[in-house]
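Bear in mind the structure is a predicted one, so any value in this text is a computation, not a measurement. Counting starts at 1 for both ligands and their atoms, in listed order.
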Amino acid sequence: METMPANSSSTAAPTQLPVPRDGIAGAAPYGAPQLPVTHALNVNENPFGPSRQLADHIGRAVSETALGLNRYPDREALALREELGRYLAFESGITVPRPESVWAANGSNEIMHQLLLAFGGPGRTALGFSPHYSMYPEYARDTYTDWVTAERGPAPQFALTAETVTAAIERHRPQIVVLTSPNNPTGTALDLEVAEAAAAALAPTRGLLVVDEAYAEFRRDGVPSALTLLEEHPNLVVTRTMSKAFALAGARVGYLVAHPAVVDAVRVVRLPYHLSAVTQAVASTALGHRAELLGQVALLRTERDALAAHLTERGHTTAPSDANFVMFETFTDRDSVFDALLQRDVLVRAVGPDGWLRVSVGTPDDNAAFRSALEEADPR
Ligand SMILES: *Cc1c(COP(=O)(O)O)cnc(C)c1O
């Protein structure tokens with residue numbers, strides 16, 4: 001969101017204003033621009049909204065819940081956690097043995113923040129691999145955790161190997177390692193051997209491995225989920241979200257699966273009643289309609305492959321994507337391509353290595369608009 005300057009509503013002299021702590025003072029709030037464009041392909045949302053029927057069901061569930069809004073919500077969100085476990089069994093064929101292995105919060109952003117609150121902190125280090133999701137360093141900053149990075153392999157694969165990850169763990173001795181699969185902004189998925197090697201390398205120091213699977217449902221056939229490793233690795237957490245494949249970004253629901261001991265630590269740092277009764281009702285209703293909400297994922301995967309193929313045909317270097325976006329290298333300066341696309345009502349994201357842009361997969365109409373805008377914005 002475009003934000004107002006911090007002091008815009010104040011008439012106090014700047015010298016009277018309280019000073020935030022180091023790292024916060026002078027920092028800008030994070031967020032991609034929310035611009036009114038026809039083709040918003042910048043934050044990897046699902047372009048398909050819920051049907052009228054589902055919206056009505058959600059409305060009824062919220063209306064029922066509203067009758068009890070004088071009471072605090074179930075602070076354990078147990079019914080929702082059970083339903084999330086059942087959903088994972090359906091999606092990945094994994095048996096989640098009990099709801100105590102699942103935890104839910106306001107988006108996987110809050111999940112990650114809670115993990116860093118519980119397992120990071122002063123004197124502790126979290127390790128990630130660049131290019132990575134831009135929020136990770138901010139969770140670390142806010143929880144007084146040191147954030148360190150190692151590099152992914154060269155473009156366009158941006159691969160991680162067991163050797164790279166193990167070497168970085170030995171060098172930095174982190175308490176937390178974050179691996180993202182499929183990765184944002186590259187779109188590339190992780191070989192499970194890499195996650196296994198990381199979990200094993202962290203085990204002697206009792207470190208935590210977080211695999212962020214925000215885009216898991218978009219992965220190509222045959223690409224496994226780290227959920228399959230949970231049974232063998234009690235120091236592994238897999239995080240998921242309803243924001244992307246589930247087309248529910250506006251409801252703010254993310255979750256994790258881990259050993260109940262990890263969940264217990266997160267329960268200590270969560271704010272009381274962090275997940276509103278309304279959010280729980282919306283999420284539960286949406287999970288009951290997963291066939292509809294996930295119905296467009298197959299189409300988006302097909303569109304993603306077509307978009308990647310189109311970019312490759314144009315001569316762009318393109319990172320192989322298992323997500324609902326594609327990162328590609330531009331022929332000319334990326335900022336001028338970004339601006340030229342925006343002039344044509346197409347909003348993408350300038351993230352990743354210099355010279356690369358990331359485009360989310362939209363509806364077939366969005367994707368066609370992107371392709372023709374790119375023809376003019378970045379002539380080859
Ligand atoms: C979008 C995204 C998330 C999801 O965030 P929510 O808070 O669940 O909306 C998490 N991790 C990565 C890498 C993402 O790109």
Looking at ligand 1, does [X] have a heavy atom less than 4.0 Å from it?
| X | value |
| --- | --- |
| E110 | no |
| A214 | yes |
| T180 | yes |

Regarding R344 and the six-membered ring of F370, is the cationic atom NZ or CZ under 6.0 Å from the ring centre and inside 45° of its axis?
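Negative - R344 is either too far from the ring of F370 or too far off its axis.
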Are V359 and L342 linked, directly or through other ILVMFWY residues, by side chains that come within less than 4.5 angstrom of each other?
yes
Classify the angle between the aromatic ring planes of H274 and W103 as parallel (below 30°), tilted (30 to 60°) or perpendicular (above 60°).
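Judged by the thresholds at 30° and 60°, the geometry between H274 and W103 is parallel.
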Measuring from D322:CG to R219:CZ, what's the distance to the nearest 0.5 Å?
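D322 atom CG to R219 atom CZ measures 9.0 Å (nearest 0.5 Å).
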Give the numbers and elements of all ligand 1 atoms closer than 4.0 Å to a heavy atom of [X].
| X | value |
| --- | --- |
| N184 | 13 (C), 14 (C), 15 (O) |
| R252 | 6 (P), 7 (O), 9 (O) |
| Y136 | 13 (C) |
| T241 | 6 (P), 8 (O) |
| G107 | 6 (P), 7 (O), 8 (O) |

For I176 and L115, work out which heavy atoms get closest and say how close.
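Minimum heavy-atom contact is CD1-O, 4.2 Å.
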Quick check, are the ring centers of H172 and W147 under 6.0 angstrom apart?
no
Please confirm whether the ring centroid of F129 lies under 6.0 Å from the ring centroid of F158.
no
In the protein, which heavy atom is nearest to [atom], and how far is it?
| atom | answer |
| --- | --- |
| atom 11 (N) of ligand 1 | D212 OD2, 2.7 Å |
| atom 15 (O) of ligand 1 | Y215 OH, 2.6 Å |
| atom 9 (O) of ligand 1 | S243 OG, 2.7 Å |

With heavy atoms only and a cut-off of under 4.0 Å, state how [X] meets ligand 1: side chain, backbone, both or neither.
| X | result |
| --- | --- |
| M135 | neither |
| K244 | side chain |
| S108 | both |

Selection from V43, V178, N109, N44 by shortest heavy-atom distance to atom 5 (O) of ligand 1
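Looking at heavy atoms only, N109 sits closest to atom 5 (O) of ligand 1.
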With a 6.0 Å cut-off (strictly less than), is the heavy-atom count around CZ of F48, excluding the residue itself, greater than 12?
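Yes, the 6.0 Å shell around CZ holds more than 12 heavy atoms from other groups.
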Check the surroundings of atom CZ in R75: do more than 12 heavy atoms from other residues, nucleotides or ligands lie under 6.0 Å from it?
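Atom CZ in R75 is not packed in, count stays at 12 or less.
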Show the numbers, then the answer: is there a side-chain hydrogen bond (donor to acceptor under 3.5 Å, both in side chains) between Y215 and T241?
CA-CA 8 Å; Y215 300 95; T241 179; over 6 Å; no
